[in-house]
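Here you go, one structure.
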Amino acid sequence: MTATPLIDALRIDPASPTAPFEQVRRFIAAAAANGALPAGSRLPPVRVLAQQLNLAANTVARAYRELEEAGIVVTAGRAGTTVAATDAARRKVAAVARELARAARAAGLDQAEAASMLRAAWAADDTGSADG
């Protein structure tokens, strides 16, 4: 597993309303989803990518942490961070979707209301205004 040159294409738009960590997260998530970063692709170490992008290491670390929580990447200590199998990420999202459905039903919401809440959360996350 070697580092991928695709990461060299990652650019941060300082004028974007989307937070830098979210720009990093989205780039890597999209590249993993579309196969540009296949499973097993090694990502640069946090400090290396942070320096390359002129970001704080904590910014890149947050992006990697969120990618790991979503099942998109796997971090194995000194072995580094690699792209996980996309099936793992999809299973994680499906599990969260099932939990959303259970919570919505328990709160007395119907499917349309739950979907509306998901759309609102998605839109808030898209503008970088969501929690975090």
Side-chain angles (χ1 to χ4, degrees):
M1 290 182 287
T2 59
T4 176
L6 176 68
I7 295 299
D8 293 337
L10 173 55
R11 298 286 179 262
I12 299 301
D13 178 1
S16 173
T18 303
F21 85 88
E22 180 63 9
Q23 291 180 52
V24 172
R25 188 200 66 75
R26 285 183 188 174
F27 180 90
I28 295 170
N34 70 24
L37 279 175
S41 295
R42 189 176 190 151
L43 301 181
V46 166
R47 289 183 183 171
V48 170
L49 186 57
Q51 183 177 18
Q52 179 181 338
L53 298 174
N54 199 26
L55 295 173
N58 286 341
T59 300
V60 174
R62 180 174 177 187
Y64 278 24
R65 186 171 50 253
E66 291 195 9
L67 288 162
E68 186 165 22
E69 288 170 2
I72 296 168
V73 302
V74 176
T75 301
R78 291 182 181 250
T81 301
T82 57
V83 176
T86 55
D87 287 347
R90 290 184 184 281
R91 283 192 302 273
K92 171 90 173 170
V93 172
V96 173
R98 286 189 299 275
E99 183 57 33
L100 172 62
R102 281 192 286 273
R105 283 188 188 111
L109 303 177
D110 63 23
Q111 185 179 11
E113 289 173 299
S116 177
M117 291 176 143
L118 176 60
R119 281 190 297 277
W122 191 286
D125 187 55
D126 190 44
T127 63
S129 63
D131 183 9

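This chain uses plain numbering: 1 for the first residue, then up along the sequence.
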| ILVMFWY network linking F27 to V74, side-chain heavy atoms under 4.5 angstrom | no
| note | Applying side-chain contact (heavy atoms from CB on, under 4.5 Å) to A30 and not counting sequence neighbours gives none
| request: May I ask you to say whether E22 pairs ionically with R25, meaning some side-chain N is under 4.0 Å from a carboxylate O? | output: yes
Tell me which donor-acceptor pairs under 3.5 Å the side chains of residues 45-60 have, and how far apart each pair is, sequence neighbours excluded?
{"from": "Q52", "atom 1": "NE2", "to": "D8", "atom 2": "OD1", "distance (Å)": "3.3"}

| task | Look at the side chain of R42 and the backbone N and O of A79, then say whether any donor-acceptor pair between them is shorter than 3.5 Å. | result | yes
Side-chain donor/acceptor pairs under 3.5 Å, residues 106-114, sequence neighbours excluded:
{"from": "D110", "atom 1": "OD1", "to": "A112", "atom 2": "N", "distance (Å)": "3.2"}
{"from": "D110", "atom 1": "OD1", "to": "E113", "atom 2": "N", "distance (Å)": "2.8"}
{"from": "E113", "atom 1": "OE1", "to": "D110", "atom 2": "N", "distance (Å)": "2.9"}

| task | Please name all residues satisfying side chain to side chain donor-acceptor pair (under 3.5 Å) with T81, sequence neighbours left out, ordered by chain then number. | result | T75
| query | Of the non-hydrogen atoms in P20 and I12, which two are nearest, and what is the gap between them? | reply | O-CD1, 3.9 Å
Between side-chain atoms of residues 96-104 and protein atoms elsewhere (two or more places apart, or another chain), which donor-acceptor pairs fall under 3.5 Å?
{"from": "E99", "atom 1": "OE1", "to": "R102", "atom 2": "NE", "distance (Å)": "3.4"}
{"from": "E99", "atom 1": "OE1", "to": "R102", "atom 2": "NH2", "distance (Å)": "3.3"}

| For the student: nearest non-hydrogen atoms of V83 and P38, plus distance | CB-O, 3.6 Å
| query | Of all residues at least two apart in sequence or in a different chain, which pass the side-chain contact (heavy atoms from CB on, under 4.5 Å) check with D13? | reply | A15, S16, Q23
| query | What is the distance from atom OH of Y64 to atom CD of E69, rounded to the nearest 0.5 Å? | reply | 15.5 Å
| said: Under the rule for side-chain contact (heavy atoms from CB on, under 4.5 Å), what residues qualify as partners of R11, not counting sequence neighbours? | reply: none
| said: Give me the atom names and distance for the closest heavy-atom approach of A39 to A84. | reply: CB-O, 3.8 Å
